[in-house]
Every structure is written in C-alpha cells, then in structure tokens.
2 protein chains.
Amino acid sequence: MSDRSALLQALDGAGRRRTAPRRELATLIAGFDGAFTAADLSSAARRRGLDVGRATVFRTLDLLQSVGAVERIDLPEGEHAYVACTPSDHHHHVICTVCGLSTDVRDPSMVQLASTVAASSGYRIDMHRLELFGVCPACQASGRG
Amino acid sequence: MSDRSALLQALDGAGRRRTAPRRELATLIAGFDGAFTAADLSSAARRRGLDVGRATVFRTLDLLQSVGAVERIDLPEGEHAYVACTPSDHHHHVICTVCGLSTDVRDPSMVQLASTVAASSGYRIDMHRLELFGVCPACQASGRG
DNA sequence: TTTACTGCAAACATTTTGCAGATGT
DNA sequence: ACATCTGCAAAATGTTTGCAGTAAA
C-alpha cells in the first residue's frame, strides 16, 4: 500500500496537471500492495466504473515512471509490471510470485558489486536492474507457496 | 561470439532434433557477440537468404531457453532480448548499450545478497534477475559511449 | 484563454496458435 | 513409419499514435 499523495506530488514536482483520470489512477495504484500490470490497472478502473481509456493508463504510467514515482519491472515470464516507489532513493524489489506483494530492498553490497564488475570487466556501468522473486511470508504461511 | 556446437549439443541433450532451421539459427546466434532480439535473429536469417519463419524463430528461442542455452534478458527500454550462454552455471550479464556486447559476470556476493534479503524480508527467494548495463571498453575507446 | 490532457479508434509491434505438409530419426 | 518440426496466415496481446474535443491552470 503506497501513498496516493506521493504520486500526486510527484506530478506537481514535474509541473504536470492533476487531472481527474490521474487522480483516479493514483488512488488505484496506491491500493495495490505490489506489482501490477497496465492491464491490471486498466481493469481495476473499469471495475470501479471509472472512465479511463487504455491510452491514458499507458501515458500516466509513463509519466509516473519518468518522474520516478513508479518503477517498471519485468516479471519472470516477461510481463511488464510496475511498482509504486519513492523516487530517487536507490533500491530494489522483492516480489511475491503468488500475490504480487512487493517489498523494497536496500543493500549497499549491490553498489559495491556494480563497481567490482566495472573494474573487472572494463565496462562503464551506467545502470543495473536487480529483481528478486519468491514467496512472501503471508503466502508461505497460508500454504500457497 | 558463442559456440554454435554448444547450442546444438544442448538440443541433443534434451532429445530434440537437429533440424535445418535450428542449425541455421544456431549459426546466426553464435555470430552475435551479445544480446539480440527475436527480430534481430529473424532479419539476420532473411538477410542470409534463409527461409526461417518468424514462428520458428520464437519456438527455437523458447526451446534454447528451456534447455538453458540462451537466456532471456530485458533491455532498459523494455525490449526482450536473448544472449547465448553456458547452461547451469549461475551468472549474470553486463550488456553494452551501444553495441550489445554481453559479458558474463560471476560474483559470489550476489548469492550472499539473496540470502541476506531472504533473512531480512522473510520472503523465500526462488530466483533473481541481475542485469548490468553500460558501455564496453571498445565502445568507450572509440568514443561512441 | 491557452496548452496540456483526454478518450476513441486505428495503427503498430510482438508473440502465439492451428493446421497441413515436410523432415529428422 | 512416426512423431516432431516447419512455414504460413490468422489471431491474440500489448502498446502507441492521430485527432477532435475537454478541462486544468
């Protein structure tokens, strides 16, 4: 459960408008406990009777991603998904493959790993993507995992 | 430049046939120095005058992935790509965003990071994906990066 | 009142599938 | 011979775009 107002403030910060569709989508995104796809978001809107076009869903996700309010991740099967997260602060996600719950991970050893790789490979490392997948405590406890 | 025969042997190992299209695709894949998309492979085949249908390209990539001879990665812009790699041995890739060159990385600290995350989050970690992106030495030297 | 934003529908890109025929073993 | 594999074309997905109208600032 992320923070709806953080999403809206991210819009303000980028000088973009707080439109009705964006407010509605922010509410829905804040309601997800973790990873969701564009289709998830779109159908959540439809289920609530909101009139938000598919294109707007994609445009809004792009926008939120560009301001760092959501991050795009790639699920193990190759699906694109998103997670709401706090901008700027570098971290990664552990995602439950049963329920989609996403938890932030901050681990300084990743930074070190990247520089080790840079040194040994000669590459200049510009970015990395680390995603961990597994089963969250609740799903383990309920025998779903 | 990976090993064409390794790809074919991976097929043998899985009891799958060495068909003409698969041999041709193996040659092409071995010719790539790094990451390539399904479309790259398909057009490389067409350019060589080979008659390999798109569906066969996807089916072959799926197959090679299922036997561990290629790995699917997700480029920063969300495109799906593949890299040939040696099966079973756990490693990651550093990918040049200029030329696509991919280099293997083996770093034991990643294993440790995963167990640290498991311990602190309570998740059971089943898999992780780590991809590093940057500019390879050659592209840096040539001023392309 | 100006410009960003919207929904729609069509376009586009990517991947999958059904099928009849070809091919490896 | 037999099952696997192939190309094709169509379909299913996923995402983007052009446009005329709408709404935020």
Side-chain angles (χ1 to χ4, degrees), chain A residues 7-29 35-67 69-82, chain B residues 7-29 35-67 69-82:
Chain A
L7 294 168
L8 297 175
Q9 280 167 22
L11 291 180
D12 297 343
R16 317 302 297 273
R17 296 180 180 169
R18 290 194 181 210
T19 66
R22 286 175 185 170
R23 271 188 296 248
E24 291 163 352
L25 291 177
T27 303
L28 293 170
I29 291 172
F36 58 91
T37 63
D40 288 339
L41 185 52
S42 195
S43 61
R46 207 172 324 106
R47 220 175 304 118
R48 283 216 186 182
L50 303 175
D51 188 24
V52 182
R54 250 164 313 157
T56 299
V57 169
F58 282 102
R59 287 188 279 229
T60 301
L61 286 171
D62 266 7
L63 172 55
L64 290 174
Q65 184 187 20
S66 74
V67 298
V70 305
E71 198 172 302
R72 187 179 192 157
I73 60 183
D74 296 286
L75 301 182
E77 332 298 311
E79 268 177 293
H80 291 153
Y82 299 82
Chain B
L7 294 168
L8 297 175
Q9 279 166 22
L11 291 179
D12 298 343
R16 316 302 296 274
R17 295 179 180 169
R18 289 193 182 211
T19 66
R22 286 176 185 170
R23 271 187 297 248
E24 291 162 352
L25 291 176
T27 304
L28 293 170
I29 291 173
F36 58 91
T37 63
D40 288 340
L41 185 52
S42 199
S43 60
R46 206 173 323 107
R47 219 175 302 120
R48 283 217 185 180
L50 302 175
D51 187 25
V52 182
R54 250 162 312 163
T56 300
V57 168
F58 282 102
R59 287 189 279 230
T60 301
L61 286 171
D62 266 6
L63 172 55
L64 289 174
Q65 184 189 18
S66 74
V67 300
V70 305
E71 199 173 299
R72 186 179 192 159
I73 61 183
D74 296 285
L75 301 182
E77 330 299 308
E79 270 179 290
H80 291 151
Y82 299 82

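By convention in this document, chain letters (A, B, ...) are assigned in the order of the sequence lines, proteins followed by strands, and residues within each chain are numbered from 1. This is a predicted model, so every value here is computed, not measured.
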Asks: Nearest to the A/R22 side chain among C/dT6, D/dT6, C/dT25, which nucleotide is it?
Replies: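 Looking only at side-chain atoms, A/R22 lies closest to C/dT6.
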Asks: Checking side-chain contact (heavy atoms from CB on, under 4.5 Å) for the pair B/D74/B/E79: CA distance, chi angles, key distance, verdict?
Replies: CA-CA 6 Å; B/D74 296 285; B/E79 270 179 290; over 6 Å; no
Asks: Let me know the distance between OH of B/Y82 and P of C/dT14, rounded to the nearest Å.
Replies: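 Distance, rounded to whole Å: 12 Å.
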Asks: Is the backbone of B/V57 close enough, under 3.5 Å, to the side chain of B/T60 for a donor and an acceptor to pair up by distance?
Replies: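 Flag not set: sc B/T60 to bb B/V57 has no pair under 3.5 Å.
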Asks: Measure the distance from CG on B/D51 to P on D/dA9 and round it to the nearest whole Å.
Replies: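 B/D51 atom CG is separated from D/dA9 atom P by 11 Å.
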Asks: Look at A/H80 and D/dT15 and indicate whether a side-chain polar atom (N or O) is within less than 4.0 Å of OP1 or OP2.
Replies: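 Yes, such a contact exists.
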Asks: Ignoring the backbone of A/A38, work out which of D/dA9, D/dT15, C/dC8 is nearest its side chain.
Replies: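 Looking only at heavy atoms from C-beta outward on A/A38, the closest nucleotide is D/dT15.
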Asks: Quick one: does B/D40's side chain have a donor or acceptor within less than 3.5 Å of a partner on B/T37's backbone?
Replies: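 Present.
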Asks: Under 4.0 Å between a side-chain N/O of B/R59 and OP1 or OP2 of D/dT6, yes or no?
Replies: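 For D/dT6, neither OP1 nor OP2 has a side-chain N or O of B/R59 closer than 4.0 Å.
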Asks: Map B/E79 and A/P21 onto DNA chain C by nearest heavy atom, then report which one ends up closer to the 5' terminus.
Replies: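 Its nearest nucleotide lies further toward 5', so the answer is A/P21.
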Asks: Between D/dA25, C/dT6, D/dT17, which nucleotide has the shortest distance from any of its atoms to the side chain of A/R18?
Replies: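 The nucleotide sitting nearest to the side chain is D/dA25.
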Asks: Any side-chain N or O of A/R16 less than 4.0 Å from the OP1 or OP2 oxygen of C/dA4?
Replies: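 Looking at the OP1 and OP2 atoms of C/dA4, neither is under 4.0 Å from any side-chain N or O of A/R16.
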Asks: Nearest whole Å is fine: how far is C/dT14 C1' from B/R72 CZ?
Replies: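 Going from CZ in B/R72 over to C1' in C/dT14 covers 10 Å.
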Asks: How many whole angstroms separate atom CD of A/E77 from atom C1' of C/dT16?
Replies: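 Checked: the CD to C1' distance equals 15 Å.
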Asks: Roughly, in whole Å, what's the span from CG in B/L25 to C1' in D/dC5?
Replies: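 Roughly 13 Å, once rounded to whole Å.
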Asks: On DNA chain C, compare the nucleotides closest to A/T60 and A/R54; which residue's is nearer the 5' end?
Replies: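 First, find each residue's nearest nucleotide; the 5'-ward one identifies A/T60.
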Asks: Please test B/R18 against B/Q9 for side-chain contact (heavy atoms from CB on, under 4.5 Å), starting from the C-alpha separation and ending with a verdict.
Replies: CA-CA 9 Å; B/R18 289 193 182 211; B/Q9 279 166 22; 4.1 Å; yes
Asks: Using whole Å, report how far CG of B/L63 lies from P of C/dT16.
Replies: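 Taking CG of B/L63 and P of C/dT16, I get 13 Å after rounding.
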Asks: Counting only side-chain nitrogens and oxygens, does A/T19 get under 4.0 Å of the OP1 or OP2 atom of C/dT6?
Replies: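 Yes, such a contact exists.
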Asks: Is the CZ atom of A/R72 crowded by more than 12 outside heavy atoms at less than 6.0 Å?
Replies: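 Yes, because the 6.0 Å sphere around CZ of A/R72 holds more than 12 heavy atoms from other groups.
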Asks: How long is the line joining CG of A/D62 and P of C/dA4, in whole Å?
Replies: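 One finds 17 Å between P of C/dA4 and CG of A/D62, rounded.
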Asks: Looking only at side-chain atoms of A/F58, point me to the closest of D/dA24, C/dT15, D/dT16.
Replies: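 So the nucleotide nearest the side chain must be D/dT16.
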Asks: Rounded to whole Å, please give me the gap between CG in B/L61 and P in D/dT6.
Replies: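 So the two atoms are 12 Å apart, to the nearest Å.
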Asks: Taking the minimum atom-to-atom distance to the side chain of A/R17, which one of D/dT6, C/dC8, C/dA4 wins?
Replies: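 For A/R17, the side-chain atoms sit closest to C/dA4.
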